[in-house]
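Below you'll find the structure, written out as structure tokens, and then a few comments.
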2 protein chains.
Amino acid sequence: MGRQARRAVLLSITLEENSHQTLQAQIHGQIRRAILEGRLACDTKLPSSRLLAAELGCARGTVLAAFDQLQAEGYLVARSTAGMSVARDLPDDMLAPAPTKSAPHTPMLPPMLPERTRTLLRHARAPQTAPSGNAPIAFPLGQPDRQAFPFPLWAKLLEQDWRRPAWPIAGTPPPSGHPALQQAIATHLRTARGFDCAQESIVITAGVEQSVSLFARIALEAGEQAWVEEPGYPGIRAALAAAGIRAVPVAIDEAGFAPETARATAPDARLAVVAPSHHYPLGTVLSLQRRLALLSWAQRRQGWIIEDDFDGEYRYAGRPLAPLRALDRAGRVAYLGSFSKLLFPALRLSYIVLPPALVPVAQKILPQVFTPAPLMGQGALARFIAEGHLASHLRRTRLLYAARQKSLMEAAGRHLAGLMHIPPDSGGMHVVACPTPALAPTLDDNAATAVALKAGVQVAPLSECYAGPRKQHGLLLGYAGTPHHEIDPAMRRLALALEAFMPRHTGAGDPMGRA
Amino acid sequence: MGRQARRAVLLSITLEENSHQTLQAQIHGQIRRAILEGRLACDTKLPSSRLLAAELGCARGTVLAAFDQLQAEGYLVARSTAGMSVARDLPDDMLAPAPTKSAPHTPMLPPMLPERTRTLLRHARAPQTAPSGNAPIAFPLGQPDRQAFPFPLWAKLLEQDWRRPAWPIAGTPPPSGHPALQQAIATHLRTARGFDCAQESIVITAGVEQSVSLFARIALEAGEQAWVEEPGYPGIRAALAAAGIRAVPVAIDEAGFAPETARATAPDARLAVVAPSHHYPLGTVLSLQRRLALLSWAQRRQGWIIEDDFDGEYRYAGRPLAPLRALDRAGRVAYLGSFSKLLFPALRLSYIVLPPALVPVAQKILPQVFTPAPLMGQGALARFIAEGHLASHLRRTRLLYAARQKSLMEAAGRHLAGLMHIPPDSGGMHVVACPTPALAPTLDDNAATAVALKAGVQVAPLSECYAGPRKQHGLLLGYAGTPHHEIDPAMRRLALALEAFMPRHTGAGDPMGRA
């Protein structure tokens, strides 16, 4: 027994009765590790299965099965007379002593990072969350109210939708999205935005960026130019670039995007990406004349318009203006909408309404150019819309957000005077605070954003919305996701943080005494 | 009254009491349309609100509100004494007669399609579904059994997960995925695949393509080379290309991917993408020697290995071999898994286990290089795994699919003799049928796939899995999604379809009479 006992000790096999692994798996795994770590050298003869089984107090069949597995994997070879031995043809360098057991996955050398990854690391931004972690904080951008959405209802709709799903949905869903959701959106748009579109013209996407990129890939040649609003949503420029399109920033004026300026800037462009209902981030509403002029350009030029109606649902004064798509009689407008900001961000469902002439084209090439949007919530969202819950959710949140905007404007009046002013905005989920002439020369909005975050206030820099060199500085303040009682204290903290950016008056006022 | 009555007729305003639109919206919309379609010319004076209200039988306030809206939008202007007129400064070309009302969205000219879109259209493939539409059909690839998955349970887990979601999940979910799912996968891998990994090293993705592309972006410079298996999964080559990596096909032999062949083919490559557990599409299992040689290469070269364990869970003979990741002591292996084929395709959830040294890098740059995976089902999937449902689902389907593979092999023996032979496969969800020497010279697998589909049998061409010029022809037959009773009749239909590809014997056998 002495010899076999010593071998078993050498192998250090310890069987645990309460392990999640079977006895066979434990024996197999421990012998394999011993071989790989060099504790069992090549050609070493193993004890017989009978003896090992006796030593370990398990059935011989268990040991035999482990041996068979190790033999099938190439760790062991069977010697005709002498039982099993460790295989000879394992590469030597794999048999070196293992690193310390406590860190089996620590790489021996730091990985060589490619230059493009190092560049990304240099540009990586600290996550825009408060030091306090998950605690609610004013004024996050693009965040709806976290209490407003009826999650228990949503959970019930999900349950209903997945209890007995049709196999075409659960198996190979169509790339353009859940047909019930396409239908519900078409109906919603007819009622809420005043235009008709065929269910087939709607493609469900994972976000506005995917919508823009998809459209540009279908409608434009790589290398063509597109007008984008300056300032504007940075994600749109990135999405165009991903589709090989050159985004040409066109500075907007008080009335929003100016088609004449655009034509003067880049006469060859064949796509305009605009947010006529509510400019991002400034909130301008595009006038009817400019809407019609833009449509007229698209028709004459055989160009295209992407109408980004990202928060057209939130308008607190007057009725929403008719979208470009409702005025478009030449079929040149692709309309974009999104549910992620209206309902909750993790939903990640948006859509594009394609111009009718591109619908058959898209149906054919979609599988080649498009990763379908997440399907899991699409059926529930279809029910949410069709059963009227979206309409009532919008009614409720419209009142809620209008009240929050009002609170925010009042708090700004109390605390930001002399530092920033906030132009009125007829809709949306955020406002833009612009520095007063006193603060403007010294305000860097990226620095101010960082200082505000330290003070527990989450804002976003306006300058990030500019692509060109002439950037305005200012702060974007989201109010939709900020409860009423947090608005005033947060505004006070923001004002304190901004004081640091005011120029120091080293002298005593105006040296000429003219003040 | 005559004049106003005539005007009202001219305007053709018809109010419907049962419309989903308010009376005000109906008046507004119909006047706007009349202006846009040129039926109300510039400068036309409108009837007074009082007279129009009387004419239409509604409150005067309703008409006034519609007028206000039209004025705000720029369609109407107020004349001090004479009420409302149609605005003068609308572009003339928008006022042309509208196209026929029945097709308000038909474009006037066919759109100019870019060359890249026309190229895609030329390469667009007819959808690979049967003429019969949604009816089940043998032998779809990558489809699990549609009865096997417990959807009522899934629906309940979804409901539980979304009833009261934490806001960090519903609001701004982490880009790497739901923490509960990362945790559940780490535990699953420990038990089922025999290796430990930190929860933070797992990134949830929308599919193997996204996993490959993400890893290549982080670990390699644009322009670097990667070895891929020839034949292999075409999606992997496309994903590498999307990350700027040149995929170099390395022909596999009977033992699978050969590291020496790879080094001879492209010595500079710094990434190997392999499916060692079960090669796609041929089913080869990579030997231990080659696994160790590959790991040894990666360690010496400071290179990387992507281990695609796409269906390692389905092995019907013996126990699964230890994955590369479990043997990797230098931290050079990224491990890929997927749930879409195991559970149901619409789930679209996969994952990558990053090498430990790349985890902190990925955490910093993920927001810049990655569109997060669909979140809606991640919490439910975490529960599905943690509560043991995945393990029992795998146990059940493993038995089911093993039985189906056996039925398929028997049916092939009965019907395909002389046409195709199917090498045995120890696992997976499909087999590969290879032409006999008699059929090989005349078989085009793309043509055969089309002919089979007409006969109601869905197969896939083997040649599509090749990137290089030396393509083998054959047919991939998925059996996991094909019920037992459909296997034999489908195989008979497939055999009949393949007869058409047999060379015609114009003479009477061998002219030399040696047969």
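Chain A is the first sequence line, chain B the second, and so forth, proteins listed ahead of strands; every chain is numbered from 1.
Nearest heavy atom pair, residue B:L120 against residue A:Q368, reads O-OE1, 3.2 Å. Among all heavy-atom pairs drawn from B:I218 and A:L113, the shortest one is O-CD2, 4.4 Å. Closest of all the heavy-atom pairs between A:E221 and B:R116 is OE2-N, 3.0 Å. Between A:M376 and B:W154, the closest heavy-atom pair is SD-NE1, 3.6 Å.
Rounding to the nearest 0.5 Å gives a distance of 12.0 Å between CG of A:L158 and CG of B:L157. Remark: B:H123 NE2 to A:K364 NZ distance equals 15.5 Å, nearest 0.5 Å.
At a threshold of 4.5 Å between non-hydrogen side-chain atoms, the residues A:R32 and B:L327 count as touching.
Of the listed residues B:P165, B:A206, B:G377, B:A65, the one with more heavy-atom pairs under 4.5 angstrom with chain A than any other is B:P165. For the options B:P144, B:P355, B:G142, B:G171, heavy-atom pairs under 4.5 Å to chain A are most numerous at B:G171. Chain A forms more heavy-atom pairs under 4.5 Å with one residue of B:A170, B:G207, B:P173, B:P152 than with any other, namely B:A170. Chosen from B:P374, B:G481, B:P345, the residue pairing most often with chain A at heavy-atom distances under 4.5 Å is B:P345. The most heavy-atom pairs under 4.5 Å with chain B, out of A:G194, A:P372, A:S340, A:P367, come from A:P372. Considering only heavy-atom pairs separated by less than 4.5 Å from chain A, the leading option among B:A166, B:A238, B:G244, B:A346 is B:A346.
At least one donor-acceptor pair under 3.5 Å links the side chain of A:T117 to the backbone N or O of B:R217.
Contact annotation for A:V285: neither backbone nor side-chain heavy atoms come within less than 4.5 Å of a heavy atom of chain B. In this structure, the portion of A:K156 lying under 4.5 Å from any heavy atom of chain B is its backbone and not its side chain. There is no contact between B:V333 and chain A, counting heavy-atom distances below 4.5 Å. Contact of A:S287 with chain B is not made at all, since no heavy-atom distance falls under 4.5 Å. Heavy atoms of B:R118 lying under 4.5 Å from chain A are absent altogether. Residue A:A219 touches chain B through its backbone alone, counting heavy-atom pairs closer than 4.5 Å. With a threshold of 4.5 angstrom between heavy atoms, A:R291 does not approach chain B through any atom at all. For a residue to count as touching a neighbouring chain, one of its non-hydrogen atoms must lie under 4.5 Å from one of that chain's; by this rule A:L347 touches chain B with backbone and side chain alike. Heavy-atom distances place the backbone of A:A373, and not its side chain, under 4.5 Å from chain B. For A:Q143, the part lying near chain B is the side chain, with the backbone staying farther off; criterion is any non-hydrogen pair under 4.5 Å.
Between the side chains of B:Q147 and A:W167, not a single donor N or O lies within less than 3.5 Å of an accepting N or O.
For A:W162 and B:F344, the gap between ring centers is short of 6.0 Å.
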*Apply side chain to side chain contact (heavy atoms under 4.5 Å, CB included) to the pair A:L375 and B:R348, showing each step before the final yes or no.*
CA-CA 8 Å; A:L375 186 100; B:R348 282 200 203 111; 4.0 Å; yes
